[in-house]
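Please read these numbers as outputs of a predicted model, since none were measured by experiment.
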Number of protein chains: 2
Amino acid sequence: MSVVIMREILDIQKQLLPDLMDVMKKRYSILQHILVSGVVGRRTLASSLDMTERVLRGEVDFLKEQGLLETDASGMKISESGRRLLEAMEPIIKMAFGLTDLEESIRKAFQISQVIVVPGDSDTSTFAKKELGRAGAAALRKYVSKDDIIAVTGGSTMAQIANNLAISSKMKGSWFVPARGGLGESVDMQANTIASIMAKKTGGKYRLLHVPDHLGEEAYQSLIQDPQIQEVVNAVRSCRIVVHGIGDAMVMARRRKVDAETTRTLQADGALAEAFGYYFDRQGNVVHKMPTVGLRLEDLQRVEVVIGVAGGKSKGEAIASVLRHGQEDVLVTDEAAALEIMKHV
Amino acid sequence: MSVVIMREILDIQKQLLPDLMDVMKKRYSILQHILVSGVVGRRTLASSLDMTERVLRGEVDFLKEQGLLETDASGMKISESGRRLLEAMEPIIKMAFGLTDLEESIRKAFQISQVIVVPGDSDTSTFAKKELGRAGAAALRKYVSKDDIIAVTGGSTMAQIANNLAISSKMKGSWFVPARGGLGESVDMQANTIASIMAKKTGGKYRLLHVPDHLGEEAYQSLIQDPQIQEVVNAVRSCRIVVHGIGDAMVMARRRKVDAETTRTLQADGALAEAFGYYFDRQGNVVHKMPTVGLRLEDLQRVEVVIGVAGGKSKGEAIASVLRHGQEDVLVTDEAAALEIMKHV
DNA sequence: TATACCCGGGACATAAAACGTCCATCATTT
DNA sequence: AAATGATGGACGTTTTATGTCCCGGGTATA
């Protein structure tokens, strides 16, 4: 309960002071180290905290000024009010940096440039799901630049991201396009719908790609010859940013009404995860792809920013599979999924 | 409930990140101004916020980066998420800086160098009383320098300050002395007791001044001839710092068992407040002084730092009287008293 | 339609802060 | 008594923040 309020306050403040947490953690861990060390010297402490001597000295001077620690010729030690402060801070730090540590572990394990973990479990909490959307939207805004082409997929998570986008001069010139052709999902979670919502919310532009599923080969061939469609497909393939959800393979297969034959194949091949129309096994190998047009796996190589967004304990393993494939640049997930992911490193 | 948590977090942050809190306030008020202005230009805003154009620009660039405001050729305006943030931050800012504003008003109204206001009402909350002690101790620590002589008075607030002092190399060479001779108060709140506690807590030294009340003139004269006593009195009069409580005149008179005759005089003269043995009326004039040795009013002129500490709604008017006398350099009080004080400007 | 005004943003020299590095001096321990 | 390890001062260098000016472009007004 109080944790929620705490987190809320910090989240609000982080918008105005993004480096708030960094500074807080730095100063906290200095005090913390001094507390456990009893009396300690500047150089010793600097190396144990992996800081240069000079910058540690700056912080120590500050902390001394605040009366949180004391120095004498034998070294530094924590003061009474410093000890009290540390005690009061513990829950805050633990809450705020439990997730940060998770982020860091995942980032290192899969060699991703950024990982964002929001609190909670999207499977059971709609609040967590909304948070995921907010964080996803923030991540997208961070990476977008003038006049980008942004390819997006469908799904409830992506819909949540669209929900949390706001008008922004940065995205005014951007194009939103669906990463792949039509899916058998409900309309308001289709990639097409989401691309258009995102464009409307941000003030950007959009192009749609309506390619029905289960098309016969000849109808398919003539469709992709269509100049209109080709134009969109080319735009999709030359996108700079991809934002996509990640799903459980079997769940997605069912939702897309994949025929029994294919489902069996998927199962036999150990398909675990689905993302932008591709199915992945535990090792991150592609075992199947959805028969439609749009972004191909080989295009991903050239895409500058691939942002995967998915949460919920049940998706943890699927997310790990996709990460293992090694094309992701940014992962946005929730606490429950993150913990699952770490079980599969 | 949540208010308590919020205050706790902010309190921690104020200790650990005072500089960032200022930045937070700055950015908040920029957004705030833009909100009420609708669309506004950089230069206009800069002058209205009393900032230079360049530094405002830096902040605006940051806020734009965060997606909190938008700019076009006609000027800047707040974005949707900016508006939401502003709304969410209002209670935080109010809590974090409401007291700061009070401090500033009192500081200006009475021309004091520093005012510190802690939350709450010492009359009704022991927590507020403790806070007052903590803040008083912090103020003393701030102003003390090597080998100072510090004169202190008695009273429960001063006892609370003594409680919150901690060993400190800064105060190791300091002398603590009682500002005036003995009072008819209970032993553990007498100036003598408090001076000795403070010395013990900080690692400093102390001298006591035992001059019984209601001494006959001849006994008094012979007492103040005593070299031991003279030495202490001289120390007191040459002190660099004074820390004193402030009381309601009538309450103090009763507590000191002042005789009925004097009490009537006090009432007739409009005595409202008492501090270091002097009684003040509403205009800050001295209407009576306690017959004992020690710090005289004329010594105060020379004293470099006079720190007054008192809180509680009931003491507001008394504090205002003493402030009006115009010898205070630092005031430490609580929210309830501060609000009362502001009614008497 | 012409004009005067205010806008954001680019540019750049300069002031200020942060930082890396070295050293003098002091207390404590061996 | 020497050696170790501590703080705090000093100083040159690098990075950041700031003051200032100007430009091209919208906008409201005459």
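- Checking C:dG8, D:dA6, D:dT18 against every side-chain atom of A:Arg43, the shortest atom distance belongs to D:dA6.
- Following rounding to the nearest Å, B:Leu56 (CG) and D:dT18 (C1') show an atom-to-atom distance of 13 Å.
- One N or O donor and one acceptor, one from the side chain of A:Arg42 and one from the base of D:dG8, sit under 3.5 Å apart.
- Counting non-hydrogen atoms under 4.0 angstrom, B:Asp72 reaches the backbone sugars and phosphates but no base.
- Comparing atom distances between the A:Met76 side chain and each of C:dA27, D:dT7, C:dG9 picks out D:dT7 as nearest.
- You'll find that the side chain of B:Glu53 is closest to D:dT20, out of C:dG8, D:dG8, D:dT20.
- The phosphate of D:dT7 has neither OP1 nor OP2 within less than 4.0 Å of any side-chain N or O from A:Lys64.
- Salt bridge status for A:Asp101 with A:Lys25: present, with a side-chain N to carboxylate O gap under 4.0 Å.
- In this structure the side chain of A:Tyr28 reaches within 4.5 angstrom of the side chain of A:Leu86, judged on heavy atoms.
- Contact check for A:Met24 versus A:Ile92: side-chain heavy atoms found under the 4.5 Å cut-off.
- For D:dG5, neither phosphate oxygen OP1 nor OP2 lies less than 4.0 angstrom from any side-chain nitrogen or oxygen of A:Thr44.
- Comparing D:dG19, C:dC19, C:dG9 against the side chain of A:Val55 picks out C:dC19 as the nearest.
- Take B:Glu304 and apply the salt bridge (charged side-chain N to carboxylate O under 4.0 Å, His left out) test, not counting sequence neighbours, and it matches B:Arg240.
- As a whole-Å value, the separation of A:Glu65 CD from D:dG8 C1' is 15 Å.
- The listed nucleotides are D:dG8, C:dT21, D:dG19; the one nearest the side chain of B:Arg54 is D:dG19.
- Residue A:Ser74 places none of its side-chain N or O atoms closer than 4.0 Å to OP1 or OP2 of D:dG5.
- Contact of B:Arg57 with D:dG19 (side chain to base): no donor-acceptor pair of N or O atoms is detected under 3.5 Å.
- Among the atoms of the strands shown, only primed sugar atoms or phosphate atoms (P, OP1, OP2) are found under 4.0 Å from some heavy atom of B:Val40.
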